[in-house]
Visitor: 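Got a structure here, written out as structure tokens. Questions coming.
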Amino acid sequence: MKDATAQRYERISFDEAISRNLKVMDATALALCRDQNLPIVVFSIFKEGALKRVVLGENEGTMVHS
């Protein structure tokens, strides 16, 4: 929401997110999740129904994976 030119990634690897210096999450937190092989979904909690869609496995936000 801060950058009108920002693009959404459906899926991205931890290494790519770290190397591109994406500002959605702290780089240390990304590295810890990568090291523990813990995939995460980054999404807006302010979007109506987003959490429910994430829990149901629907296409919401960005999947960050190994």
Side-chain angles (χ1 to χ4, degrees):
M1 295 189 142
K2 292 181 180 182
D3 184 354
T5 64
Q7 71 178 41
R8 176 183 174 259
Y9 296 95
E10 189 171 325
R11 297 178 64 85
I12 191 168
S13 72
F14 285 110
D15 291 333
E16 189 174 0
I18 292 168
S19 69
R20 289 180 182 235
N21 198 26
L22 300 180
K23 302 289 186 187
V24 297
M25 197 171 163
D26 180 74
T28 303
L30 282 171
L32 287 170
C33 290
R34 177 195 62 199
D35 294 346
Q36 297 300 313
N37 197 27
L38 181 66
I40 57 174
V41 178
V42 179
F43 67 99
S44 173
I45 195 71
F46 301 109
K47 186 175 176 184
E48 176 110 18
L51 179 59
K52 180 179 179 182
R53 286 189 293 279
V54 169
V55 170
L56 293 174
E58 297 177 12
N59 186 13
E60 182 70 41
T62 299
M63 169 65 75
V64 187
H65 59 90
S66 297

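Because only heavy atoms are used, hydrogens play no part in the values below, and waters and symmetry mates are left out as well, while side chains stay in.
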Visitor: Leu32, Leu30: one ILVMFWY side-chain cluster at the under-4.5 Å cut-off?
Guide: no

Visitor: Grouping I, L, V, M, F, W and Y whenever their side-chain heavy atoms are under 4.5 Å apart, do Val54 and Phe46 come out in a common cluster?
Guide: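 Yes; tracing contacts between hydrophobic side chains, which count when under 4.5 Å, links both residues.
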
Visitor: With sequence neighbours excluded, what pairs up with Ser66 under the side-chain hydrogen bond (donor to acceptor under 3.5 Å, both in side chains) test?
Guide: Asn37

Visitor: Would Ile18 and Val42 show up in the same hydrophobic cluster when neighbours are defined by side-chain heavy atoms closer than 4.5 Å?
Guide: yes

Visitor: Check residues 55-65 and write down every donor-acceptor pair under 3.5 Å in which the side-chain atom is one partner and the other belongs to a residue at least two apart or another chain.
Guide:
residue : atom : partner : partner atom : Å
Asn59   : OD1  : Arg8    : NH2          : 2.8
Glu60   : OE1  : Arg53   : NE           : 2.7
Glu60   : OE1  : Arg53   : NH2          : 3.3
Glu60   : OE2  : Lys47   : NZ           : 3.3
Thr62   : OG1  : Tyr9    : O            : 2.5

Visitor: Closest approach of Ala50 and Ser44, non-hydrogen atoms and distance?
Guide: CB-O, 3.4 Å

Visitor: From Gln36 CD over to Phe14 CZ, what is the distance, rounded to the nearest 0.5 angstrom?
Guide: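 If we round to the nearest 0.5 Å, Gln36:CD and Phe14:CZ are 10.5 Å apart.
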
Visitor: Could you work out, with side-chain contact (heavy atoms from CB on, under 4.5 Å) as the rule, every residue matching Ser19, not counting sequence neighbours?
Guide: none

